[in-house]
J.: 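Sharing a structure, written as structure tokens. Questions coming.
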Amino acid sequence: MLRVKSDATAGIVATKGQMEKGKVLLSLLIVLSIIGILVLVYMIGDAYYIQAPTAIKAPLSNNKFKILEASYPITPIRDSEHFMVSAFIDHRLNGFIRVISIINRNCLQPLYCVYCNAEKVCKTVHTKVQIHSDHFGFPYGASDVICTGKPMTDATHVLITVKNDSADLKMEYLPIKNKAVQETFKFNFTVCISNLFGDYNNVLQFAQTMEMYKLLGVQHVVIYNTSSGPDLEKLLKHYEMEGILEIVPWPIDQFLNPSSGWNIKLHKGDIQYYGQLVTLNECIYRHMYQSKYVLLNDIDEIIMPYKHATLQSLMEDLQSAHPSIGVFLIENHIFPKTQFEESGKFKRAEWNNIPGVNIMEHIYREPSRKNIYNPTKMIVNPRKVQQTSVHSPLKHFRGSVLVPFNVCRIVHVRVPLQGSLTKEQLVVDKRVWDFEQELIHNIDHTLKLSGFLKASV
Ligand SMILES: *[C@@H]1O[C@H](CO)[C@@H](O)[C@H](O)[C@H]1NC(C)=O
Ligand SMILES: *[C@@H]1O[C@H](CO)[C@@H](O)[C@H](O)[C@H]1NC(C)=O
Ligand SMILES: *[C@@H]1O[C@H](CO)[C@@H](O)[C@H](O)[C@H]1NC(C)=O
């Protein structure tokens with residue numbers, strides 16, 4: 001154990017009954033001076049930490065000392081090519097600390113964890129680095145750095161370092177999350193949207209997707225934001241203010257050259273798709289004790305129950321048929337945005353000037369093809385997942401099931417995949433229309449509140 005800063009305890013000056021008045025006063029003065037000096041030392045100590053250039057986050061409130069907290073969700077590991085993202089206790093696996101990280105696979109080296117408690121007592125331990133198997137050949141990959149050995153039970157902060165003896169309190173630490181197991185959750189359904197980047201400005205489809213999800217019973221949506229278009233920015237701010245949307249800053253482009261795809265041959269870069277695998281895993285751990293279920297899908301996808309009115313009743317049925325299962329795979333189905341519904345009844349004048357795709361006009365679905373697998377997205381119980389990829393988990397407890405297509409599937413309005421198919425060769429699928437009345441009312445309400453429609457419309 002390395003004791004970095006010890007608690008100062010002032011001795012008690014005992015005076016015996018027969019002491020002279022002068023001596024009593026003198027002792028009092030000495031005691032007061034000692035207290036004064038101690039207070040000064042504390043203040044200078046505080047001033048030092050406040051002035052440190054990287055101290056950005058607010059200090060721990062119930063703590064006289066301050067440990068520097070990382071100010072971004074992506075923190076370079078000093079003297080290395082790697083990055084740490086966030087730290088969680090894994091209660092399912094002996095309570096060790098898992099630091100979700102981005103590791104350069106070409107520069108592997110021993111790494112160490114330093115964890116500290118609120119008294120700044122710190123301990124350095126060895127790590128096991130687990131690079132997720134889905135890195136698609138990019139040099140940087142989503143990884144777990146596992147701090148080995150029994151952690152201090154009261155550890156509050158951790159960092160990863162390349163030195164085995166460095167409890168350096170001037171370095172940036174990650175707060176340790178998921179401290180306690182919870183049995184009840186703030187949310188039943190959370191949607192994790194892994195990445196928002198470029199100048200994506202698809203306002204109408206995003207508003208429609210959010211309002212659809214609200215009707216299905218989603219209470220919380222999380223987006224990892226690298227950048228977005230100007231109009232979508234305005235809508236995001238609205239949903240953030242409303243309280244349903246949490247925006248996690250994800251400035252990956254400030255640290256790496258992110259690829260805009262998963263195929264390194266087509267889209268060069270340091271890391272697959274803006275670090276999508278890192279954010280998906282982060283999102284699962286972030287909501288482990290906050291949300292009963294987590295939906296992992298892209299910004300233009302809706303995981304849609306076809307036999308149930310809500311996700312709640314869908315999951316009650318699925319879970320009672322498969323009590324121990326924590327991973328439900330949902331097939332993706334494409335609704336080409338190039339094929340429009342004939343009557344034009346949802347081509348509403350109110351939405352004419354809203355940028356983006358109107359999903360209610362696109363009710364033609366591409367048919368499944370023989371021997372071609374429809375990729376899946378997931379509804380998971382985050383407490384049963386250890387590592388995830390995009391279409392299925394990499395490591396999980398108790399197995400997974402593929403949910404039948406007629407029970408639940410993804411409505412994915414986008415450019416066609418089977419582009420040569422005519423309207424007659426596509427399948428009519430009007431599931432979104434079942435919600436039309438409430439959906440349109442709620443979309444318009446949101447567009448008014450966020451300033452896209454005049455309040456009088
Ligand atoms: C720390 O590293 C040094 C060399 O870098 C090595 O000599 C020493 O044994 C290591 N100590 C521990 C506890 O691993
Ligand atoms: C979550 O679902 C339970 C029923 O399983 C319900 O009692 C509770 O109110 C729901 N929580 C929220 C936040 O909607
Ligand atoms: C998303 O990130 C960009 C780049 O940092 C930032 O300019 C923008 O304000 C962020 N959007 C929201 C809604 O937080």
Side-chain angles (χ1 to χ4, degrees), residues 56 70-75 83 85 182-203 205-207 209-258 260 273-276 278-279 282-283 286-295 298-299 303 305 308-323 325-326 328 355-356 379-384 446-447 449-452:
I56 292 168
S71 50
Y72 269 127
I74 302 169
T75 307
F83 301 88
V85 175
Q182 309 276 331
E183 307 288 348
T184 57
F185 312 107
K186 196 168 164 199
F187 311 112
N188 285 333
F189 294 96
T190 294
V191 180
C192 293
I193 293 175
S194 53
N195 296 78
L196 178 62
F197 59 88
D199 52 4
Y200 190 80
N201 204 37
N202 193 345
V203 171
Q205 185 166 6
F206 185 70
T209 300
M210 288 291 285
E211 297 306 328
M212 188 65 244
Y213 264 140
K214 281 200 236 169
L215 291 179
L216 293 175
V218 165
Q219 295 120 358
H220 188 51
V221 178
V222 183
I223 287 192
Y224 291 77
N225 167 37
T226 305
S227 63
S228 77
D231 302 295
L232 188 63
E233 172 85 10
K234 204 161 86 176
L235 187 61
L236 293 174
K237 292 257 158 72
H238 162 79
Y239 279 123
E240 190 178 32
M241 226 167 60
E242 186 184 287
I244 190 172
L245 182 64
E246 178 182 356
I247 297 171
V248 180
W250 187 249
I252 184 95
D253 52 352
Q254 291 180 24
F255 299 98
L256 294 172
N257 170 28
S260 58
Y273 209 62
Y274 286 81
Q276 177 187 31
V278 185
T279 56
E282 213 273 343
C283 203
R286 180 184 283 254
H287 294 98
M288 194 158 284
Y289 301 112
Q290 285 213 58
S291 193
K292 189 166 182 192
Y293 294 105
V294 170
L295 283 65
D298 282 351
I299 196 162
I303 293 182
H308 301 82
T310 62
L311 290 164
Q312 181 80 32
S313 53
L314 168 74
M315 290 316 293
E316 277 166 16
D317 274 3
L318 287 177
Q319 205 73 82
S320 72
H322 310 279
I325 296 290
F328 298 88
I379 301 177
V380 302
N381 168 345
R383 295 159 300 285
K384 294 207 170 156
T446 287
L447 292 175
L449 289 179
S450 52
F452 288 95

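Keep in mind it's a predicted model, so treat the numbers as computed, not measured. Numbering of ligands and ligand atoms starts at 1, following listing order. What's counted below: heavy atoms across the whole structure, side chains too, no hydrogens, waters or symmetry copies.
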J.: Please check: side-chain N/O of W250 versus main-chain N/O of G275, any donor-acceptor pairing under 3.5 Å?
T.: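 Absent.
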J.: Measure up the F189 and Y293 rings against each other and bin them: parallel (under 30°), tilted (30 to 60°), perpendicular (over 60°).
T.: parallel
J.: E240 versus ligand 3: do any nitrogen or oxygen atoms come within less than 3.5 Å of each other?
T.: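 E240 vs ligand 3: no N/O contact under 3.5 Å.
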J.: For a quick test of your reading: what N or O donor-acceptor pairs under 3.5 Å do the side chains of residues 209-217 make, sequence neighbours left out?
T.:
from, atom 1, to, atom 2, distance (Å)
T209, OG1, Q205, O, 2.7
E211, OE1, K214, NZ, 3.3
E211, OE2, K214, NZ, 3.3
E211, OE2, Y239, OH, 2.6
E211, OE2, T446, OG1, 2.6
Y213, OH, N297, OD1, 2.8
Y213, OH, I303, N, 2.8
K214, NZ, E242, OE2, 2.7

J.: Got more than 12 heavy atoms from elsewhere within 6.0 Å of NZ, K234?
T.: yes
J.: Quick check on T226 - does any of its heavy atoms sit under 4.0 Å from an atom of ligand 3?
T.: yes
J.: Under 4.5 Å between any side-chain heavy atoms of V222 and H287, yes or no?
T.: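 V222 reaches H287 side chain to side chain.
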J.: Run through all N or O atoms in ligand 2 and write down each protein N or O closer than 3.5 Å, as a pair with its distance.
T.:
from, atom 1, to, atom 2, distance (Å)
ligand 2, 2 (O), N188, OD1, 3.4
ligand 2, 2 (O), N188, ND2, 2.3
ligand 2, 5 (O), Q312, NE2, 3.1
ligand 2, 11 (N), N188, ND2, 2.9
ligand 2, 14 (O), Q219, NE2, 2.8

J.: Side chain or backbone, does S227 bring an N or O within less than 3.5 Å of an N or O on ligand 3?
T.: no
J.: Look only at the side chain of D199 and the backbone of G229, and say whether a donor-acceptor pair between them is shorter than 3.5 Å.
T.: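 Checked: no pair found.
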J.: Would you say E240's side chain and L245's backbone share a donor-acceptor pair under 3.5 angstrom?
T.: no
